[in-house]
A.B. asks: 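Structure below; questions to follow.
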Amino acid sequence: MRLRHIKGAEELIACNRFVVQDPKAMRGSWHDAFPGRTAGQTEEHTPGQTEDKAATQNADKASHPLYIEVGTGKGRFITELAAANPDIDYIGIENHSSVLLKAVKKLEDRELPNLRFILMDAITIEEVFAPGEVDRIYLNFSDPWPKDRHAKRRLPSRQFLARFHEILCDEGTIEFKTDNRVLFDFALEELKFSDFELIDKTYDLHNDEKMNAGNIMTEYEERFSSIGNPICKYVIKRR
Ligand code: SAM
């Protein structure tokens, strides 16, 4: 990805209210990162019952799954997803401040209470999320790192899959999309060296009625599908 540096991006990100500034401090209590949420009723709560407000709030927070996107780029995918699913909490992770700034601007326009961002390299993701804390991970158009010696930097590599396995809950899933067939074949091969199993895959997402249902296009997806590249996608689940 060609990155144009925006002057002052680091400073703007460092004081932005939608960017979690100390993500390691949130480990194990990520739902606290969404203070705009109301403590609504849960299934366990009976109206008229004496309320233990804190317990109600905790139950409410716990009822929101946590979905993250690693390599969120300019943020279109996760912003649209968060707007469409107010009962799910979302975190977008991006390691370039100039790119993240564009995602943050989108969120400033929408003020969604269920979306936050982190500026970080996902290589240390286990320091930020506790074991089992995450319900789903999205990887969209991850950088291909074409040189063999850089294979472990690819987000669908066995090394990253092991990190993701650690933070996902038992039923946790990963959804990966790319137009890069070499990277997709690599990703499928890497499953053999991981604790994930394939649930579904397609080599032409936009012509696969079942897998394309409810699909939200990313910036890269729109760009590459508009020049005729078929989009590959897999869904895998934690074993
Ligand atoms: N997902 C977006 C899309 O589909 O439009 C952006 C795709 S872009 C090719 C990949 C993005 O992932 C870049 O913005 C890059 O900075 C980010 N990225 C790559 N490796 C990362 C890592 N280890 N941690 C966090 N972000 C990463």
Side-chain angles (χ1 to χ4, degrees), residues 1-6 9-10 12-13 18-21 23-24 26 67-83 90-107 115-129 134 136-147 149-168 174-184 186-187 190 202 205-206 211-212 214-227 229-235:
M1 184 184 189
R2 233 182 49 229
L3 296 169
R4 201 175 308 131
H5 183 71
I6 298 172
E10 287 85 358
L12 288 168
I13 290 295
F18 294 117
V19 180
V20 179
Q21 302 297 340
K24 289 183 188 173
M26 302 305 294
Y67 290 7
I68 68 174
E69 183 187 18
V70 182
T72 212
K74 296 178 187 169
R76 172 173 147 181
F77 172 83
I78 200 156
T79 306
E80 302 262 324
L81 206 56
Y90 292 91
I91 310 259
I93 296 174
E94 172 53 52
N95 64 349
H96 280 101
S97 54
S98 299
V99 182
L100 186 59
L101 200 54
K102 309 230 171 180
V104 164
K105 290 257 183 308
K106 287 189 180 75
L107 183 52
L115 173 60
R116 293 292 178 267
F117 293 107
I118 306 175
L119 177 67
M120 67 174 284
D121 185 334
I123 200 157
T124 58
I125 201 159
E126 295 146 290
E127 295 172 20
V128 163
F129 297 99
V134 176
R136 184 177 297 171
I137 298 175
Y138 294 102
L139 307 175
N140 290 317
F141 296 80
S142 307
D143 291 333
W145 292 103
K147 290 183 181 148
R149 70 172 190 276
H150 292 150
K152 62 175 187 250
R153 296 187 195 175
R154 298 170 194 153
L155 294 179
S157 66
R158 67 191 78 175
Q159 291 84 358
F160 268 102
L161 289 181
R163 295 178 188 114
F164 298 151
H165 192 273
E166 188 67 22
I167 63 168
L168 278 169
I174 300 179
E175 300 195 7
F176 169 53
K177 292 194 278 189
T178 182
D179 70 315
N180 185 320
R181 182 60 191 267
V182 175
L183 181 65
F184 192 63
F186 165 84
E190 288 296 275
T202 176
L205 177 65
H206 297 170
M211 286 194 80
N212 199 42
N215 184 51
I216 292 176
M217 291 229 259
T218 77
E219 279 93 350
Y220 270 63
E221 184 171 354
E222 183 160 275
R223 190 192 303 173
F224 291 122
S225 60
S226 74
I227 57 167
N229 294 6
I231 307 301
C232 304
K233 176 174 179 174
Y234 78 34
V235 180

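Counting starts at 1 for both ligands and their atoms, following the listed order.
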A.B. asks: Could a heavy atom of E69 be found less than 4.0 Å from some atom of ligand 1?
C.D. replies: yes
A.B. asks: Scan side-chain atoms only and decide if E69 and T72 contain a donor-acceptor pair under the 3.5 Å cut-off.
C.D. replies: yes
A.B. asks: As an exercise, state the distance from CE of M120 to CG of N95, rounded to the nearest 0.5 Å.
C.D. replies: 9.0 Å
A.B. asks: Mind checking the CG-CG spacing from L115 to L107? Nearest 0.5 Å is all I need.
C.D. replies: 4.5 Å
A.B. asks: What atoms of ligand 1 come within less than 4.0 Å of a heavy atom belonging to E219?
C.D. replies: 5 (O)
A.B. asks: Going by the atom numbers of ligand 1, which of them fall below 4.0 Å from some non-hydrogen atom of M120?
C.D. replies: 24 (N), 25 (C)
A.B. asks: What is the distance from atom NZ of K24 to atom CZ of F129, rounded to the nearest 0.5 Å?
C.D. replies: 12.5 Å
A.B. asks: I want to know if ligand 1 touches V70 in the polar sense, i.e. an N/O pair below 3.5 angstrom.
C.D. replies: no
A.B. asks: Indicate yes or no: at least one non-hydrogen side-chain atom of F160 is less than 4.5 angstrom from one of I125.
C.D. replies: no
A.B. asks: Give the ring-plane orientation class for F224 versus F141, where under 30° counts as parallel, over 60° as perpendicular and anything between as tilted.
C.D. replies: parallel
A.B. asks: Could you list which atoms of ligand 1 come closer than 4.0 Å to a heavy atom of D121?
C.D. replies: 22 (C), 23 (N), 24 (N)
A.B. asks: For F141, counting its heavy atoms only, list the atoms of ligand 1 lying under 4.0 Å from any of them.
C.D. replies: 4 (O), 7 (C), 8 (S), 9 (C), 10 (C)
A.B. asks: Quick one: does R223 get within less than 4.0 Å of ligand 1, heavy atoms only?
C.D. replies: no
A.B. asks: What's the separation between atom CG in D179 and atom CD1 in I227, rounded to the nearest 0.5 Å?
C.D. replies: 7.5 Å
A.B. asks: At a 4.0 Å threshold, what atoms of ligand 1 neighbour a non-hydrogen atom of G73?
C.D. replies: 6 (C), 14 (O)
A.B. asks: Would E94 count as being in polar contact with ligand 1, using the rule that some N or O on each side must be under 3.5 angstrom apart?
C.D. replies: yes
A.B. asks: Only heavy atoms of T218, strictly under 4.0 Å: list the atoms of ligand 1 that pass.
C.D. replies: 3 (C), 4 (O), 5 (O)
A.B. asks: Out of curiosity, is H96 lining ligand 1, as in a heavy atom under 4.0 Å away?
C.D. replies: yes
A.B. asks: Need the ligand 1 atom indices (1-based, order shown) with element for anything under 4.0 Å from a heavy-atom of N140.
C.D. replies: 1 (N), 2 (C), 4 (O), 7 (C)
A.B. asks: Using a strict cut-off of 4.0 Å, indicate which atoms of ligand 1 neighbour a heavy atom of A122.
C.D. replies: 22 (C), 23 (N), 24 (N), 25 (C)
A.B. asks: Please tell me whether F176 and Y234 form a close aromatic pair, meaning their ring centres lie under 6.0 Å apart.
C.D. replies: yes
A.B. asks: Salt-bridged, E222 to K74, with N to O below 4.0 Å?
C.D. replies: no
